Every structure is written in structure tokens, then in C-alpha cells.
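What follows is a set of notes on a single structure, which appears directly below.
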Protein chains: 2
Amino acid sequence: MLTIGYLAKKTGTKVQTIRYYEQVGLMPEPGRTDGGQRRYGDAELDRLSFIRHARQLGFSLDAIRELLDLSDHPARSCEEADAIARRQLKQVEQRVARLEVLRLELERMIEECSGGRAADCRVLEVLRDHSECLTDHEGIGA
Amino acid sequence: MLTIGYLAKKTGTKVQTIRYYEQVGLMPEPGRTDGGQRRYGDAELDRLSFIRHARQLGFSLDAIRELLDLSDHPARSCEEADAIARRQLKQVEQRVARLEVLRLELERMIEECSGGRAADCRVLEVLRDHSECLTDHEGIGA
DNA sequence: CTAAAACCTCGACCTACTGGAGGTTCAACC
DNA sequence: GGTTGAACCTCCAGTAGGTCGAGGTTTTAG
């Protein structure tokens, strides 16, 4: 019989987070001691590991719910799990692409910093200079 | 005199978000019409553009507060703005690196999907298989 | 038996918004 | 001057995914 603290350490999760997962229905309500403390079995440890691993891969709790549901009904098609993973991959690719653009802009910004006073700071200037950005939203009077 | 809706369209911000920025002190309390509607000047449009641009670059509202503060006191050193930007860059780089790992793992996972039943699904299996992950947190009995 | 570590519940807080209800004001048109 | 409809107002609640703390109980080792 495993305590909540043991699960927490084993999976790198905070105790409160495990209770939160229980609250939102990702983890089952476990058995309790006479004193009311939660006691888990190995199945719950596995389930929590699954959740944490999926979270680390960026899956939302809703997506994880779907995956766990699939996992609980092994007769269903693998295609659903595949689709969820592909959706996730697409999102990750988009995030990487956006961050790459950011990185370049930040690097350029920093490189141009003269080290002088804030009044001449390129970082602030770039942020202030929105001439390029505004064109994206310009739908007024055009 | 500019309306809140005009600022919203010009900067691609929702009206509510502008009011939220005012609430949390990022935007100043503007003048009002006799009827109580907000009216802005060009300075506020610039300030909002600055905020949105910085948000798009991933800066937190707290970081933007610092930057605006610097911007409001141009005699202070540029180094502070530079430091904030560098901090931001580091975070972006870390996020990119982590996402790259994720992307590879997701791709591998999907590639191995047999297209069979969920019981044999590699996606679920990979998520379930935590043997590698656990070693990261293993501080019990080791 | 005692002390401390781990556990319990409940509720508030975090970021950065977003949405809606229910009501008022503005600007244009006739 | 009246009317209409878009845009505005305030206030409240909710989102994701937790995290923290207060105040109290249980478990376990010595």
C-alpha cells in the first residue's frame, strides 16, 4: 500500500497535484486508512506516471483523459490515440516555429543594445516601434 | 480622442483585455466622456502597442511592467532592459529545446503506431512506459 | 508515550485573459 | 428632435493547471 507522498516522489509530482488530479477525475478515488489517509496500489502509480509523462509531452488534461479512456478500453481502435498524438505533434511544431521567430527577434534586439542610457536603448525602441506590427491589424480606414 | 474599440482594432487586442490592463496598472486610467466612456490619446495607443508587442515576444506582464518603468525613466541604464531581454531569450531557448525533444518523441511514437487495436498501440505504450522517466525522480531506496 | 513528519480538508491565489448579463451612451440618419 | 443600433459601461464568473497556506489529524520511529 503506497502513500500519496510516495507516489509524489516517484513521479516527481506534488502531493497537492495528485489530489487535484483526483478532484478533476484523472485519478480514481483511492482506498483510505481508518484514519482517512489515501492508500494506492501499483496500478495507480502507473496511471499517474502515464499522466505525468503525457503532461511532459505537452498533452492537455483533456487529451490525457481521452488517452486514458482509450487505454481503459483496449478493444477500440488505435487510430484515435494516433490522431490525438498527431494533433499534439502539430501543436508542438507550431509552437517551435513561433518560438524560433521570437528567438531571432530577441537576439537581434539584444545585439543592437548599445549599453548606453535607456533613452537610446534598442530593446525598448524595438518594443516601442510597432510600425510593422500594426499593419497586421490595420482594418480601419483602409 | 480615440475610443477603446479603436485601440482594440489598431493593436489586435480585445476591448476587455485593454480594460484588464488598466485594472492591473499596465495602462493608465484614461479620461472619460461625460457619459463615462474612455477616451485615449496617441500616447496610450503607443503604450498599448508596446505591451502587445512585448506579449507577442513572450514577456510576462511583470516583465513588461519593468520595461515600461524603464521606458518612463529614460535616464536610467539600458543594462536593465538588456538584462530583462536576455532573461527572456534564455527562457525562449529553453522552451525551444524542450519542445524539440518532445517533437522527436512524438514523431517516433506516431511512426511506430501499427494501426491496430488500442491494446497494441505504441502511442499508449510509450506513454505508459515510464521506465526511463522514473529514474529522474528516483530518490527512494536508492 | 511522545515528537515530528506526513497526511487531511477547505479555500484562496496565480497568469492572462475571456465571456456574459444587464444596462447606458454615442453617432448617424430621417 | 427622435430613433435605432453599434459600441460602450460595470460587475461577476470561468478558463487551465496547478500551488500555497491555515488549521487540524494520523502515522511512525525511537
Side-chain angles (χ1 to χ4, degrees), chain A residues 1-27 29-40 44 48 50-68 87-88 91-92 95 98 102 139-141, chain B residues 1-27 29-40 44 47-48 50-68 87-88 91 95 98 102 139-141:
Chain A
M1 286 297 115
L2 316 172
T3 67
I4 196 169
Y6 180 85
L7 261 70
K9 271 197 194 108
K10 269 287 184 184
T11 61
T13 315
K14 301 229 169 183
V15 166
Q16 290 109 307
T17 303
I18 300 175
R19 290 198 280 249
Y20 169 75
Y21 287 159
E22 181 182 327
Q23 200 183 305
V24 298
L26 276 180
M27 288 291 286
E29 288 185 29
R32 302 272 186 150
T33 61
D34 288 352
Q37 297 196 356
R38 291 169 178 80
R39 288 296 181 270
Y40 297 92
E44 281 77 43
L48 181 56
F50 183 103
I51 294 169
R52 293 309 287 177
H53 197 169
R55 282 296 296 145
Q56 278 165 27
L57 286 170
F59 289 88
S60 70
L61 294 190
D62 272 351
I64 293 170
R65 227 183 299 273
E66 288 185 76
L67 289 167
L68 282 167
R87 232 188 292 145
Q88 189 55 29
Q91 275 174 30
V92 168
R95 270 189 275 167
R98 257 192 312 137
L102 292 191
I140 294 178
Chain B
M1 285 298 118
L2 315 172
T3 66
I4 196 169
Y6 180 86
L7 260 72
K9 271 199 194 107
K10 269 286 183 187
T11 60
T13 315
K14 301 229 167 182
V15 166
Q16 290 108 308
T17 304
I18 299 175
R19 289 198 280 250
Y20 169 76
Y21 287 159
E22 180 183 329
Q23 201 183 304
V24 299
L26 276 179
M27 288 292 285
E29 289 185 27
R32 302 271 185 149
T33 61
D34 288 352
Q37 297 196 357
R38 290 168 179 80
R39 288 296 180 271
Y40 296 93
E44 280 77 42
R47 192 180 180 92
L48 181 56
F50 183 103
I51 294 170
R52 295 308 288 178
H53 197 169
R55 282 296 297 144
Q56 278 166 26
L57 287 170
F59 288 88
S60 71
L61 293 190
D62 272 351
I64 293 170
R65 228 184 298 273
E66 287 185 77
L67 289 167
L68 282 168
R87 234 188 290 143
Q88 188 56 30
Q91 277 175 29
R95 272 189 273 168
R98 258 191 311 136
L102 292 191
I140 292 178

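Order of the sequence lines fixes the chain letters, A, B, ..., with proteins taken first and strands second; residue numbering starts at 1 for each chain. This is a predicted model, so every value here is computed, not measured.
Here the side chain of B:Arg55 pairs a donor or acceptor atom with the backbone of B:Phe59 at under 3.5 angstrom. Side chain of B:Arg47 to main chain of B:Leu26: a donor-acceptor pair is present (N/O by atom type, distance under 3.5 Å, no hydrogens or angles). Between the side chain of A:Gln37 and the backbone N or O of A:Thr3 there is no donor-acceptor pair closer than 3.5 Å.
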**OP:** Show the numbers, then the answer: is there a side-chain hydrogen bond (donor to acceptor under 3.5 Å, both in side chains) between B:Arg39 and B:Tyr6?
**Re:** CA-CA 10 Å; B:Arg39 288 296 180 271; B:Tyr6 180 86; over 6 Å; no
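The distance between atom CD of A:Glu29 and atom C1' of C:dT9, rounded to the nearest whole Å, is 14 Å. One interatomic measurement links the two molecules: CZ of B:Arg65 to P of C:dT15, which rounds to 8 Å at whole-angstrom precision. Going from atom CE of A:Met1 over to atom C1' of D:dT26 covers 18 Å, rounded to whole Å. Atoms OH (A:Tyr40) and C1' (C:dC8) sit 12 Å apart, rounded to a whole Å. A:Leu2 has its CG atom 16 Å from the C1' atom of D:dT27, to the nearest Å. At whole-Å resolution of the value, CG in B:Asp62 and C1' in C:dT15 are 9 Å apart. In this structure, the CD1 atom of A:Ile64 is 13 Å from the P atom of D:dA16, given to the nearest Å. In this structure, A:Glu22 places its CD atom 12 Å from P of C:dC10, rounding to the nearest Å.
Among C:dA16, C:dT25, D:dT10, the nucleotide with an atom closest to any side-chain atom of B:Tyr20 is C:dA16. Checking C:dC17, D:dC20, D:dT28 against the side-chain heavy atoms of A:Arg39 singles out D:dT28 as nearest. Of the listed nucleotides (C:dC8, C:dC26, C:dT15), C:dC26 has the atom at the smallest distance from the side chain of B:Gln37. Distance from the side chain of A:Arg52 is smallest to D:dG18 among D:dG17, C:dG19, D:dG18. With C:dC17, C:dT15, C:dC7 as the choices, the nucleotide that has an atom nearest any side-chain atom of B:Leu61 turns out to be C:dC17. Residue B:Arg55 places its side chain closer to C:dA16 than to any other of C:dC7, C:dA16, D:dC9. Checked against D:dC9, C:dC7, C:dT18, the side chain of A:Ile4 finds its nearest nucleotide in C:dC7.
Of all heavy-atom pairs spanning A:Arg38 and A:Pro30, the tightest one is CG-CG, 3.6 Å.
Considering only heavy atoms from C-beta on, B:Arg52 comes within 4.5 Å of B:Leu48 through its side chain.
Residue B:Lys14 places at least one side-chain N or O closer than 4.0 Å to OP1 or OP2 of C:dG19. Contact check, A:Tyr21 against D:dG17: no side-chain N or O comes under 4.0 Å of OP1 or OP2. For D:dT27, one of the phosphate oxygens OP1 or OP2 lies less than 4.0 angstrom from a side-chain nitrogen or oxygen of A:Thr33. In this model, the phosphate group of D:dT27 is not approached by any side-chain N or O of A:Arg32 to a distance below 4.0 Å at OP1 or OP2. Phosphate contact (OP1/OP2 of D:dT10, side-chain N/O of B:Arg38, threshold under 4.0 Å): present.
Comparing A:Phe59 and B:Val15, the nucleotide of DNA chain D nearest to each residue sits closer to the 5' end for B:Val15. Where A:Thr17 and B:Arg19 meet DNA chain D, the nucleotide closest to each residue was compared, and B:Arg19 sits on the side nearer the 5' end. Mapping B:Ser60 and B:Gly36 onto DNA chain C by nearest heavy atom places B:Ser60 at the nucleotide closer to the 5' end.
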